[in-house]
Amino acid sequence: MNRTRFLLVEDDPDHAALICTAISQSGLHCEVEHAVSGEAALEILRHRTVRRPDVLLLDINLPGMDGLRVLEQIKSDHRLNAVPVVMLSTSSAENDIRAAHSRHANSYVVKPADFHEMKRVMQAIATYWIGVNASVS
Amino acid sequence: MSPVLSIGRFLRFLSALTALLLAANGAVAHSNALLHAETLRVVYTDFPPFIVSGQNGEPDGFSIQVLRKVAARANYQLTFQRVDSLPEALALIVAGKADLHPSLASTAERREIVDYTPSVHVVTLSLYALEHRAASFNPDDLTGKRIGYLKGDATEPTAKAIIGAVPIGFGTEDETVYEALVRGTIDLGVFVDAPMSRQLRLMNLPEQYTKVGAPLRVSPIGIAVSKARPDVLERLSASLQGLKAEAAFDAIRDRWFGPPDSWWTLRRVFFVYLSGITVVVLVSMTAFGRLRRTFRRGLNREMRLRATLATRHAAMLELKNTQLAAQNDEMQRLLQAVSHDLKSPMVTVRGFAGVLQDAMESGDQDLARDACRRIVASTGHLSGITDGLQEYNRVDQKPIALQRLDLNALVAEAEEMLSADIAKAQARIVVPSKLPHVRADETQLLRVLLNLILNALRYGCPEPGMAIEISAAVGVDTTEIVVRDHGPGIPEAYQRDVFRLFRRLTPGQADGTGIGLSVVARVAAKHGGSAWISSPQGGGAAVHMTLMNNAAPPTDDDEDASFEEKAA
């Protein structure tokens with residue numbers, strides 16, 4: 001079975017470390033790749049031919065091109081829009097949620113402060129997408 | 001006794017006696033006059049209400065009353081005799097059997113009896129004769145003379161009674177008699193007492209005519225008086241004048257005919273009052289109008305003043321509102337930034353606290369250690385944020401106290417305060433040319449310099465031995481201070497972003513809360529200037545800050561000042 005490959009786009013190293021830890025400790029067989037900017041992420045998506053990411057975990061707050069712009073870019077590109085994008089944010093504001101959804105984000109997750117909660121969320125995401133991927137492929 | 005003395009004494013006695021006799025004579029004469037008033041024989045006819053036959057042969061009436069008064073004043077005694085007609089009365093007068101007939105004073109005419117023209121009932125008998133015939137004419141001898149008068153006229157019976165004359169004929173004008181006289185048909189003409197104008201005309205006779213004279217003369221009061229008593233007219237006239245002067249005549253008249261026409265008085269009073277009121281009204285209207293105009297002008301001026309004040313006040317309020325709105329926005333942004341930027345480290349701290357718990361359970365020491373490290377770092381970051389917030393607030397809230405400062409001294413002070421950091425980065429501060437004086441708040445400007453130098457040290461001096469240049473240029477309105485490093489610089493895309501509160505280019509790396517530049521921007525704003533970043537030639541980053549040269553900038557620092565001060 002192929003391991004689900006996460007592409008985590010997060011500039012805050014602590015948050016990145018937290019999410020990676022959560023994923024690895026969730027008991028799933030996942031791989032996590034970490035990009036620190038939207039540009040780097042797009043680069044990977046567009047030009048990587050092997051070990052392409054299965055799921056994108058995209059932080060809204062990015063330096064330079066922010067998360068929403070990256071989302072737009074992905075979803076408007078017919079070659080890329082199949083990749084599920086899960087938005088990550090510290091904000092639970094309705095505006096932000098609506099902004100993400102209007103740009104066709106697949107999901108919007110508010111970064112849980114509780115670690116165990118975070119593990120569960122990551123589990124859920126991974127499980128879901130594994131399932132999806134399984135059915136697709 | 002000496003003969004001279006005795007003569008003198010005798011002479012004196014004589015003169016005294018003469019004087020006494022003269023005085024006595026005078027007294028006697030006077031008392032004679034007093035004792036012996038003259039008698040006037042009055043003949044009268046009935047003519048109410050002027051002449052009314054009384055009960056006991058004594059007449060009454062207005063004319064009688066007047067006559068009595070006038071006569072008494074003129075020292076006359078009166079006897080009365082009644083006859084049936086005026087001509088009879090007049091005949092008696094002419095015959096010398098009576099002295100006067102009290103005539104009429106018409107109430108329809110004016111009260112001034114002096115101007116009164118005798119009515120047609122009073123006859124003025126004026127006899128006229130041609131001069132050449134008059135030479136031998138004795139007016140007292142009328143026998144055989146042809147006397148003409150208007151037939152059917154009031155003069156007819158009188159003329160007949162007096163003269164037994166020949167009637168001329170009919171005519172309505174005295175001119176008929178006048179013409180007869182001129183033609184020579186008659187010797188004498190008897191004229192009815194015509195209106196004054198006619199009398200005057202008749203008196204302006206051509207030379208061939210002379211007014212001969214008349215047995216009767218008519219006094220101004222209309223008394224027909226015999227010419228045989230010439231003194232009567234004068235005395236009575238004088239008496240009448242006196243009577244009028246005493247208003248006694250008016251009293252008699254009022255008694256007989258009532259007081260003057262009340263209607264006339266009423267009218268006069270009414271008219272006087274009306275005109276008085278009209279005048280008063282007009283005057284008051286004018287005055288009032290003027291008053292109102294003045295008042296209104298004053299009112300208008302006041303209103304305009306108030307309007308001006310109100311407008312200005314409104315403008316002040318508007319300004320204040322704008323300022324408050326701006327302040328509000330700033331505070332909103334602050335709150336937003338704070339809540340936003342606090343979340344990140346919170347997530348880290350809580351998250352890794354959870355990781356730590358798991359690591360403790362599972363005994364994963366490395367993981368535990370890593371988690372602890374991150375927790376400590378993040379809490380440090382958190383307190384850095386709160387500190388930065390405090391600092392920002394301090395800068396924001398404190399009103400600026402402007403002073404003339406020497407930038408060189410200030411830079412030197414900042415350099416000294418950061419000497420340790422500078423040494424650690426192995427950098428150096430360079431001031432290429434002498435810095436000018438500026439007008440600024442000392443504490444805040446120092447803070448700015450510290451922040452800028454620290455930033456430069458942290459982000460602009462990656463290698464040892466690098467320089468941080470500080471320069472300043474004085475412009476027309478503002479002075480620009482530049483702190484420049486030769487480090488990696490800041491990409492243009494982020495150059496504005498960087499001033500936002502808590503914004504850091506590289507979070508997690510290097511010390512710093514991201515507040516430094518926002519403080520710089522705030523201080524600049526409070527000094528009427530602004531702050532920005534540029535990428536100068538030769539690499540690195542330059543932070544620019546401007547301050548106004550002179551007066552205090554129009555910022556919300558003036559919120560303590562009153563409106564009036566501001567408006568002044």
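Order of the sequence lines fixes the chain letters, A, B, ..., with proteins taken first and strands second; residue numbering starts at 1 for each chain.
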_Heavy-atom proximity to chain B below 4.5 Å, by part of A:Ala17_ =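 For A:Ala17, the contact with chain B is made by backbone and side chain together.
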_Residue A:Gln25 versus chain B: region with a heavy atom under 4.5 Å_ =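 Answer is side chain: those atoms of A:Gln25 sit under 4.5 Å from chain B.
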*In Å, rounded to the nearest 0.5 Å, how long is the span from OG1 of A:Thr21 to CG of B:Leu367?*
6.0 Å
_Measuring from atom CZ of B:Arg350 to atom CG of A:Leu18, what distance do you get when rounded to the nearest 0.5 angstrom?_
11.5 Å
*Looking only at non-hydrogen atoms, find the nearest pair between B:Ser378 and A:Asp14 and report the distance.*
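Looks like OG-OD2, 3.6 Å.
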_For the student: nearest non-hydrogen atoms of A:Asp12 and B:Ser344, plus distance_ =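 Closest approach of A:Asp12 to B:Ser344: OD2-OG, 3.9 Å.
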*asked:* Is it the case that over 12 heavy atoms from other parts of the model lie below 6.0 angstrom from the CZ atom of A:Arg5?
replied: yes
*Top contributor to chain A contacts, counting heavy-atom pairs under 4.5 Å, from B:Ala353, B:Gly354, B:Pro345, B:Ser339*: B:Gly354
